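First up is the structure itself, then whatever we jot down about it.
In the text below, chain A, chain B and the rest are named by the order of the sequence lines, each starting its count at 1. Note that this is a predicted model, so its numbers are computed, not measured.
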There are 2 protein chains.
Amino acid sequence: MDGVPQPTIERLVIYYRYLKKLVAHDDDKVISSLDLGHSVGVSAAQVRKDLSYFGEFGCKGVGYNVSNLKKSLEQILGFNQNWPIVLVGAGNIGRALVNYPGFKVMGLNIIAIFDCDLDKIGNRVGGLIVKSNKEIERVIKDKGVELAIIAVPVDEAQGVAEKLVKAGIKAIWNIAPVTLKLPDNVLVYYEDLASSLVTLTYRLSQKRLKARSN
Amino acid sequence: MDGVPQPTIERLVIYYRYLKKLVAHDDDKVISSLDLGHSVGVSAAQVRKDLSYFGEFGCKGVGYNVSNLKKSLEQILGFNQNWPIVLVGAGNIGRALVNYPGFKVMGLNIIAIFDCDLDKIGNRVGGLIVKSNKEIERVIKDKGVELAIIAVPVDEAQGVAEKLVKAGIKAIWNIAPVTLKLPDNVLVYYEDLASSLVTLTYRLSQKRLKARSN
DNA sequence: TAGATTGTTAATCGATTAACAATC
DNA sequence: TAGATTGTTAATCGATTAACAATC
C-alpha cells in the first residue's frame with residue numbers, strides 16, 4: 001500500500017490533531033468530510049480522497065465517527081508504535097526539539113542527544129544528558145535506532161550524517177541547511193527554516209507589486 | 001511576474017546557499033546547471049527551469065557565472081531588502097528562532113519578541129528583551145512590520161493571530177500546530193514539525209513492509 | 001569547426017478537484 | 001421516501017522531466 005502522496009500523510013496528521021481535540025471536548029460523535037475539511041482548511045473532496053487511500057472509514061449519508069476515525073489514523077500513522085530517535089546537536093534548535101511537546105503523542109521519542117562541544121556534553125536537556133558524539137554509534141546499535149535528527153552547524157552536518165548512516169540509521173531529518181550526500185537507501189527529509197520564511201517574504205513582495213500596479 | 005511554483009522559490013534559496021559557498025572558496029567562476037543541480041540534489045533541467053522564470057542568467061555552451069548568479073538570486077529573493085519580523089512566544093522554539101543564524105543573510109530580521117508569561121517578560125533572548133503581548137500592536141504599527149512568527153502554545157495561537165492581523169500583519173509563519181482562521185488576504189504558512197517527522201516514520205514503515213514481502 | 005550547455009517547448013507525471021452513483 | 005454524505009472515477013490543474021534548437 002504505497003503511492004500515497006506525501007501531502008496526504010501530512011494532512012492526516014492535521015486531521016488527527018483536530019479529531020483529538022473534538023474527542024476531548026466530547027463534542028460531535030460524528031463529523032462529515034465537509035466539516036472536518038472546513039475546520040482545518042482543506043476541501044471535503046480532499047479529505048475523502050486522503051482517507052480513501054487507506055480504506056473506508058465513513059458511513060454514507062452520515063459521516064465519520066470521530067473516535068473511530070481518530071483511532072484509525074493512529075493506526076495508519078503508526079502512533080501506537082514507538083519510534084526511538086537520536087538527535088545530534090545540542091544548540092538552540094536541538095534543545096527546543098527535545099522539549100517539543102508535540103512529538104510524544106505520535107510515538108516520536110528522542111532517546112539521546114549528542115554534541116561534540118565539551119562545554120555542552122554532560123548538560124541536562126529536557127530529561128536527557130548530552131552525550132559525546134563518540135557515543136553515537138554505540139547508542140544507535142544498542143537501542144536499534146533507525147531515525148535521527150541532525151541539528152548541527154552546516155559544516156558538521158555531512159560528517160555527522162555519514163557517522164549516523166554507518167551506525168545503522170535509515171532515515172534522517174536534517175535541519176542543517178545543506179544537501180547531504182548519502183546512499184540512496186537512506187531517507188532524508190529537509191526542514192529548511194530560512195527557505196520557508198523566504199517563500200513568505202517573496203509572496204509578500206509579489207502582493208505589493210500587484211497592489212501597486214492596480 | 002507570478003505563477004512561479006512554491007517549490008521553485010525554495011530551491012532558489014538552496015541554489016543561493018551553494019553558490020555562496022562556492023564564491024567564498026573562490027572556486028569555479030562558472031558552473032553548469034548539471035553541476036549545480038548535482039551538488040544540491042536537483043536535476044539539471046529543474047535548475048534551468050527554475051531560473052527561467054526570472055530571466056536568462058546563463059551563457060549557452062558555457063554555464064552560469066557563479067558570482068553573478070548569486071547576485072541575481074539575492075535580487076529575486078529580496079535578500080537586499082530588510083524584512084522586520086515580530087515573533088510571539090518566548091518558549092524553546094521562539095528563543096531558538098531568534099538565535100537562528102540563517103535568517104540575517106536573507107534580510108530576515110526579528111526585531112521584537114513577545115510573550116504573555118510574566119516570568120519571561122524582561123528576559124534577554126539573543127539581543128532582544130522579551131516584551132509583553134500588550135505591546136504587540138504598538139510595536140507593529142511603529143515599525144510598520146508586515147511579517148510575524150507565531151511560536152506560542154496551540155491554545156493561544158488563534159488569539160495571537162487575530163491580534164497580529166488587527167495590528168496590520170500581512171503574513172504569518174505559524175509554528176503552532178493549529179489551523180488559523182484568518183481573513184483571506186493574510187498569507188499564512190504552516191511549519192509543522194511533528195507532521196514532517198511523521199512522514200519520515202511513515203515512509204520507514206512502508207520500506208519495512210516492502211522489505212518483508214520481498 | 002566540434003563540443004558543451006543554455007533556454008524553451010512539448011510530454012509526462014502526480015496531485016487536486018469535480019461530479020455522481022451508491023447507500024445510509 | 002427525501003436528504004445527506006460517502007467512496008470513487010474522470011477531468012483538471014500544476015509541476016517535473018525530456019528533448020532539442022540555438023548558440024557560445
Rounded to whole angstrom units, what separation is found between the [atom1] atom of [X] and the [atom2] atom of [N]?
| X | N | atom1 | atom2 | result |
| --- | --- | --- | --- | --- |
| A/His38 | D/dA4 | NE2 | P | 18 Å |
| B/Asp50 | D/dG14 | CG | C1' | 14 Å |
| A/Leu69 | D/dG7 | CG | C1' | 14 Å |
| B/Tyr53 | D/dG14 | OH | P | 11 Å |
| A/Asn65 | D/dT5 | CG | P | 15 Å |
| A/Leu34 | D/dT6 | CG | P | 8 Å |
| A/Phe54 | D/dG7 | CZ | P | 14 Å |
| B/Asn68 | C/dT6 | CG | C1' | 16 Å |

So the stems of DNA chain D, runs of at least three Watson-Crick or G-U pairs (under 3.5 Å), are C:3-24 with D:3-24
Heavy-atom side-chain contact between A/Leu69 and A/Leu36 under 4.5 Å:
yes
pair B/Ile136-B/Val88: side-chain heavy atoms closer than 4.5 Å
yes
Tell me whether the side-chain N/O atoms of [X] come closer than 4.0 Å to OP1 or OP2 in [N].
| X | N | answer |
| --- | --- | --- |
| B/Tyr64 | C/dG7 | yes |
| B/Ser33 | C/dT5 | no |
| B/Gln46 | D/dT17 | yes |

Kindly give the atom pairs (protein nitrogen or oxygen, nucleotide nitrogen or oxygen) under 3.5 Å for nucleotides 21-24 of chain D.
from   : atom 1 : to      : atom 2 : distance (Å)
D/dC24 : O4'    : B/Lys60 : O      : 3.1

How would you list, by chain and number, every residue that makes a ring-ring contact (aromatic ring centres under 6.0 Å, His included) with A/Phe103, sequence neighbours excluded?
A/Tyr100
Looking only at side-chain atoms of A/Ser32, point me to the closest of D/dT5, D/dT16, C/dT16.
D/dT5
Are [X] and [Y] close enough for a salt bridge, meaning some N to O gap below 4.0 Å?
| X | Y | answer |
| --- | --- | --- |
| A/Asp115 | A/Arg95 | no |
| A/Arg208 | B/Glu146 | yes |
| A/Glu162 | A/Lys166 | no |

Of all pairs that satisfy side-chain hydrogen bond (donor to acceptor under 3.5 Å, both in side chains), the ones with a partner from residues 169-188 of chain A, not counting sequence neighbours:
A/Trp173-A/Glu191
Would you give the length of the straight line joining atom CG of B/Leu87 to atom CD1 of B/Ile113, rounded to the nearest 0.5 angstrom?
5.0 Å
Reported OG-to-CD distance for the pair A/Ser196 and B/Gln6, which is rounded to 0.5 angstrom:
9.0 Å
Under the side chain to side chain donor-acceptor pair (under 3.5 Å) rule, collect the residues that match up with B/Thr201, sequence neighbours excluded.
none
Pairs under 3.5 Å (N/O, protein and nucleotides 8-12 of chain C):
from  : atom 1 : to      : atom 2 : distance (Å)
C/dT8 : OP1    : B/Glu56 : OE2    : 3.4

Taking all non-hydrogen atoms of both residues into account, name the closest pair between A/Leu200 and B/Ala171 and its distance.
CD2-CB, 3.9 Å
Shortest non-hydrogen separation from B/Val152 to B/Ala176 and the atoms involved
O-CB, 3.4 Å
